[in-house]
*Asks:* 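Have a look at this one before I ask anything.
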Amino acid sequence: MANLHGYLLLGAMLFGLGLVGFLARRNLIVIFLSAELMLQGVVLNLVGFGRFHRDLDGQAFAGFILVIAAVEAGLGLALAVLLLRRKGTPDVEAWRALRG
Amino acid sequence: MRHALRWIVMAGVWSALAGTAWGAEAPVPPAESSSTILEAIAFYAMAAVALLSGLAILVSRNLVRNVVCLLAALGAVAGLYFLLAANLLGAIQLIVYAGGTLVLITFGVMLTSRPGSDRQLVRGWERIAGGVVCVTLFIGLCMVLLCTEWATVAASAEPTTVAAVGRALLTDYLVPFELASVLLLVMLIGAAYLVRRDGESGAEDDADRC
C-alpha cells in the first residue's frame, strides 16, 4: 500500500485529524498545533504526487509551504501572546465578540 | 497514558532516524524489487506513528505533551519524505520544522500556559457541527482519492533530488523564492512590532537601553 493511494489516504487522515482538533478544541495553542498537522497532510499529498509523477514541482511547492508554516508560526504565536496579554486566557471563547 | 506517549515519541524519533538511514542507503528503490516489502513496512510504521501522534494531539489536555506529540508527528512525516525520495525536504523538515518552529511553539506554550485550565472543548452544538463538517470532508476526500485512477510514472532512478530541486528553486521558482525571503523579513518585523509592550516605542526602548 506504499503507493500513491496510501500516501494520499494518510494525508487525508492527517488533514482530518487536524481539522477535528482545529474545530473542537478551544485553546489557541492547540488550534495552532492542529493547523500545523493539517499542513503536514497537505505537504504529504504534494510530495507524494511529485514522487509518483516524477517531477520536482511538488517538492518545490512543499518547500514554500514550509516557509509559509514558519511565518505562520512566528506571527501566530506573536498574536497568541498578544491576545493572552489582553484577556489573560488562551481560550478562544474570550474572543467571541470578534465573530461577524 | 504517559508511557504510551513516551513510546509514541520514541517511535517517531526512531522512525525519522531510520528514514534518514534509508534515504542515505537506498534513496530510490525501484518499484518492483525486494525492497518493496521493506518500504511498505517503513511506510506503515511511520504512518501509524504520525496518526497516533495526531490523535494524541487531539485528545491530550497537557499542552507540553501536545507539542511533543507534534514533534513525533513531524519526525514521522519527515521519515515519509525520505521514503518518497525527497531527501532535501525531509532534512528541511527535521531542521527547520522539528528544530526551529517547534522550539518557537514551545516558547509560546511556556509564555501562554496558565495553571487551572478552562474548558477544553467548544460548546455542544458547535461540536456536532464541527464533527459533521470533518466527517463529510473526510469521506468526500477518501471517495475522490480512492475512486480516481491517478496516472503514475515509474519511480525515477537518480539517487538524490537535492541538486535538481536546488536548480528548480533558482531558475523556475526564483521569484517565489525571493518573495519567501521578503515574507520572512516581514514576519520578523511584524512579530517584533506586535508583541512590544503598550506605550513603548522602539526609539525610547533603545534610548533606555543605552
Side-chain angles (χ1 to χ4, degrees), chain A residues 1-10 12-21 23-30 32-34 36-37 40 43-44 47-48 50-54 56-57 59-60 62-64 66-71 73-75 77-82 84 88-91, chain B residues 39-40 43 47 50-51 54-55 57-58 63 66-67 70 73-74 77 80-81 84-86 89 92-93 96-97 100-101 104-105 108-109 111-112 114 118-122 127 130 133-134 137-138 141-142 145-146 150 152-153 156 161 164-165 168-169 173 176 180 183-184 187 190-191 194-195:
Chain A
M1 185 100 172
N3 51 14
L4 183 56
H5 278 133
Y7 284 103
L8 293 184
L9 200 60
L10 179 62
M13 284 178 185
L14 282 179
F15 187 85
L17 278 176
L19 190 62
V20 173
L23 291 177
R25 298 295 296 264
R26 289 174 40 179
N27 191 309
L28 267 176
I29 302 287
V30 180
F32 183 74
L33 296 181
S34 305
E36 299 284 329
L37 204 62
Q40 288 305 305
V43 176
L44 199 59
V47 181
R51 165 89 161 92
F52 288 97
H53 286 179
R54 208 198 292 186
L56 294 166
D57 294 351
Q59 287 191 45
F64 291 126
L66 286 188
V67 172
I68 303 282
V71 171
L75 272 184
L77 282 172
L79 281 174
V81 170
L82 193 71
L84 187 88
T89 170
D91 193 344
Chain B
E39 196 185 348
F43 171 76
L51 288 178
L55 206 61
I57 292 175
L58 199 59
L63 267 182
N66 282 330
V67 174
L70 186 69
L74 292 178
V77 175
L80 287 171
Y81 292 162
L84 285 168
L89 209 59
I92 290 178
Q93 167 105 348
V96 174
Y97 228 127
T101 307
L104 196 67
I105 296 175
V109 169
L111 284 174
T112 59
R114 289 277 190 280
D118 321 301
R119 283 187 300 151
Q120 296 280 336
L121 292 172
V122 294
R127 223 177 296 169
V133 168
C134 294
L137 189 68
F138 181 68
L141 271 178
C142 287
L145 62 88
L146 288 180
W150 300 105
T152 57
V153 185
S156 56
T161 56
V165 171
L169 278 181
Y173 295 99
L183 188 67
L184 284 169
M187 183 270 285
L194 278 177
V195 295

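Hydrogens, waters and symmetry mates are skipped; everything else that's a heavy atom, side chains included, is used. Below, chain A is the first sequence line, B the second, and so on; all start at residue 1.
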*Asks:* Over 60° means perpendicular and under 30° means parallel, so tell me whether A/Tyr7 and B/Phe43 are parallel, tilted or perpendicular.
*Replies:* perpendicular
*Asks:* For chain A, find which of B/Thr101, B/Leu80, B/Ile92 contributes the most heavy-atom pairs closer than 4.5 angstrom.
*Replies:* B/Leu80
*Asks:* Please classify the contact between B/Leu141 and chain A as side chain, backbone, both or neither, with a heavy-atom cut-off of under 4.5 Å.
*Replies:*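 Only the side chain of B/Leu141 comes within 4.5 Å of chain A.
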*Asks:* With sequence neighbours left out, write down each residue that passes ring pair (Phe, Tyr, Trp, His ring centres under 6.0 Å) with B/Phe138, or none if nothing qualifies.
*Replies:*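 Here no residue qualifies.
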*Asks:* Quick check on B/Leu55 against chain A: is it the side chain, the backbone, both or neither that has a heavy atom closer than 4.5 Å?
*Replies:* both
*Asks:* What are the two closest heavy atoms between A/Ala62 and B/Leu89, and how far apart are they?
*Replies:*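 Smallest heavy-atom distance, with atoms named: CB-CD2, 3.3 Å.
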*Asks:* I'd like to check the side chain to side chain donor-acceptor pair (under 3.5 Å) partners of B/Tyr97; sequence neighbours left out, ordered by chain and number.
*Replies:*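 Counting only residues at least two positions away or on another chain, B/Tyr97 forms a side chain to side chain donor-acceptor pair (under 3.5 Å) with A/Glu36.
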*Asks:* Return the option, out of B/Val67, B/Leu74, B/Leu169, B/Leu51, with the maximum number of heavy-atom pairs under 4.5 Å with chain A.
*Replies:*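 Heavy-atom pair counts peak at B/Leu51.
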*Asks:* Determine the option with the most heavy-atom pairs under 4.5 angstrom with chain B, choosing from A/Leu19, A/Asp57, A/Val71.
*Replies:* A/Val71
*Asks:* Where does B/Ile105 contact chain A at under 4.5 Å (heavy atoms): side chain, backbone, both or neither?
*Replies:* both
*Asks:* If I take atom CG from residue A/Leu37 and atom CG from residue A/Leu33, how far apart are they, to the nearest 0.5 angstrom?
*Replies:*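 Here the rounded value is 9.0 Å.
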*Asks:* Between A/Leu77 and chain B, which part of the residue has a heavy atom less than 4.5 Å away: side chain, backbone, both or neither?
*Replies:*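 Side chain only.
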*Asks:* How far does CZ of A/Phe32 sit from CG of A/Leu79, to the nearest 0.5 angstrom?
*Replies:* 10.0 Å
*Asks:* Let's test your reading of the structure: which of A/Val67, A/Ile68, A/Val81, A/Leu10 forms the most heavy-atom pairs below 4.5 Å with chain B?
*Replies:*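 Counting heavy-atom pairs under 4.5 Å, the top option is A/Leu10.
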